[in-house]
Amino acid sequence: METYCAREQTDGHCVTCTDEILQAKVLRVDVVNGMAVVQIKEQEVEIDVSLLEQVQPGMVVLVHGGVAIDRLEEEELA
Amino acid sequence: MKFVDEYRDALLTAPAVAEITRLSVGRSLKLMEICGGHTHTIYKHGIEDLLPSTIDLVHGPGCPVCVLPMGQIDDAVAMARMENVIFTTFGDMMRVPGSQGSLLDARAAGADVRFVYSPLDALKIARQNPARKVIFFAIGFETTTPSTAVTLLRARAERIKNFFVFCNHICLIPALQALLNSPDLHLDGFIGPGHVSMVIGTKPYEFIAQEYKKPVVISGFEPLDVIQSVLMIVRQHHEGRVAVENQYMRVVRPEGNVKALEAIEQTMETRETFEWRGLGWIPASGLKLRDEFADWDAEQHFAVPHRRIADSKACQCGEVLRGAIKPWECGVFGTACTPETPIGTCMVSSEGACAAYFNYGRFSMRSNRRQLQVFGDNKEIEK
């Protein structure tokens, strides 16, 4: 499992300026520490999920700067 | 991503554009988008060329890199050069020139400057290097502020005392108010930033509709999102309505992310005023760490110049950021100021209006109708 900071940053684009949000599928959740292992673009990374309620494996969350800010509901994934 | 194909479908674009054209007959509208991501989408997908010529899209100060004053870069470089410091920063901040060079220059001269994708990465570096002082250069609007807030809460919980935040987070709403009060800018609506709104919700924009009588439509980032948002604004004008509407309903909720807002409130407070490059001082538009987090506040631990540095006289980034001129109307665009040799931050950041136009918009048919010769003398080419 790759840590967030180990992801290759080959394009140097600006996370803040693009307001980049990445879709991530939750694989495992560490409820105690508010962290989760997710899959982003075929990579497994660890992110903070403390700003969302009841994060569970299988859920799709939206990630900015290593932190899950929102989740996509089931109907949006259908 | 699930939505890429659906929201880039050219067949769906045509009826939306036809409706925009029908509803905007006899009506000229100047609409501002405030997010670097929207600027990028508009230029990359040639959206201006699809819209009728009566719809003018102007680009506002949606790039946090672009609006950061040079003096703050100098302070960052000063911190990076200090002994025993590991200075961490997001992407484009590495290349932004201050009056004493950029963070990249500082790194080339031996400073330990590292690119991170998240403040949590910087905290991890602090954990791994307990004898060093790790500073995170915190920039960005409300989309990014929660990640810094969460990191500060973790640093406090874990008692990590060698981690510091150089807080330069900015707030969108005061900047919008400053633009609305600007005498040389007459706008007919806003394409609102989708991901800032994911955090702050839609209510903070209501004053724009109620007091300034301008429509606001919160937009997603795919081409059809932007086109649909333009359609929604044009419809409001056609129907004589003014409202805040949410085109990005698949992501943005009216209340925003309450926990994210609470985390920000716990860790940061509003500065009395903050300088925006090109826009001047805007009250209550920047954030600093609360007193309870003084132990992690870089400004309280590292002495820096705190000087205000004026921009080059040739730089017209301020006018571009306010939407008063287009990138190609800047006197040094494409000549002295290019992505390789940027004078102003609108060209340094890859999401700045000037860089976005240089990379994509030069091929736009609309700009060609008013094209300035990029690689020769600046002169207007007749239609």
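Order of the sequence lines fixes the chain letters, A, B, ..., with proteins taken first and strands second; residue numbering starts at 1 for each chain.
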Taking all non-hydrogen atoms of both residues, which atom of [X] and which atom of [Y] are closest, and how far apart?
X        : Y        : value
A:Leu72  : B:Val251 : CD2-CG2, 4.3 Å
B:Arg253 : A:Arg71  : NH2-O, 2.9 Å
A:Asp48  : B:Arg154 : OD2-NE, 2.6 Å
A:Gly65  : B:Ser147 : O-CB, 3.7 Å
B:Leu120 : A:Gly66  : CD1-O, 3.5 Å

Subject >> Which portion of A:Leu62 sits near chain B, non-hydrogen atoms under 4.5 angstrom >> reply: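 The side chain, not the backbone.
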Original post:
Which answer fits B:Ala260, side chain, backbone, both or neither, if we ask what part of it has an atom under 4.5 Å from a heavy atom of chain A?
Top reply: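 Interface part for B:Ala260: both.
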Original post:
Would you call B:Thr151 and A:Val67 a side-chain contact if the rule is heavy atoms closer than 4.5 Å?
Top reply: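 Side chain of B:Thr151 against side chain of A:Val67, heavy atoms only: no contact under 4.5 Å found.
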Original post:
Is the number of heavy atoms from other residues, nucleotides or ligands under 6.0 Å of A:Glu53 CD greater than 12?
Top reply: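 Atom CD in A:Glu53 is not packed in, count stays at 12 or less.
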Original post:
Has B:Arg107 got more than 12 heavy atoms of other residues, nucleotides or ligands less than 6.0 Å from its CZ?
Top reply: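 It does not: B:Arg107 CZ has 12 such atoms or fewer within range.
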Subject >> Atom pair OG1/CG of B:Thr143 and A:Asp70 - distance to nearest 0.5 Å >> reply: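 With rounding to 0.5 Å, OG1 (B:Thr143) is 11.5 Å from CG (A:Asp70).
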**OP:** Could you tell me the separation between the CD1 atom of A:Ile69 and the CE atom of B:Met198, rounded to the nearest 0.5 Å?
**Re:**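 Output value for this atom pair is 5.5 Å.
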Original post:
In terms of side-chain heavy atoms, does B:Thr144 have a donor or acceptor partner in A:His64 at a distance below 3.5 Å?
Top reply: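 On atom types as modelled, these side chains qualify, holding a pair under 3.5 Å.
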